[in-house]
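Before any comments, here is the structure.
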Amino acid sequence: MRDKTQTNSAGPGDGLVRTGAIVFFVGALATLVTVAPLFLGTEPFPSIAYAVCMLMGVGFVVAVAGVLRGIAVQRRQAKSAAT
């Protein structure tokens, strides 16, 4: 089975992992932007900006879901190949 798989082909769950990484980095950038006024002594952002920081957790959960989906598909493939 391994000899027929192309190395550049996207596996199951890869899209979720990529999407999760992008959402995570958007949340991380929002966190940096939101915390910067606290160090610079300027006026803090409104509380909605702090809510955008929660995208870090959302992105992490989406990426983990993609990894778990890939694991489940590989287990099913291995189980069907064994029987």
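Heavy atoms only: backbone and side chains are in, while hydrogens, waters and symmetry mates are out. Residues take their numbers from the sequence shown, with the count starting at 1. Keep in mind it's a predicted model, so treat the numbers as computed, not measured.
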Which donor-acceptor pairs under 3.5 Å do the side chains of residues 23-46 make with protein atoms, sequence neighbours left out?
{"unit_1": "Thr31", "atom_1": "OG1", "unit_2": "Gly27", "atom_2": "O", "d": "2.8"}
{"unit_1": "Thr34", "atom_1": "OG1", "unit_2": "Ala30", "atom_2": "O", "d": "2.6"}

Check: Residues two or more places apart in sequence or in another chain: which of them pass side-chain contact (heavy atoms from CB on, under 4.5 Å) with Val61?
Finding: none
Which pairs of donor and acceptor atoms, one on a side chain in residues 51-60, lie under 3.5 Å apart (sequence neighbours left out)?
none

Margin query: I need the Arg69 CZ to Asp14 CG distance, nearest 0.5 Å.
Written below: 9.5 Å
Check: Atom CD of Gln74 and atom CD of Gln77: how far apart are they, to the nearest 0.5 Å?
Finding: 7.0 Å
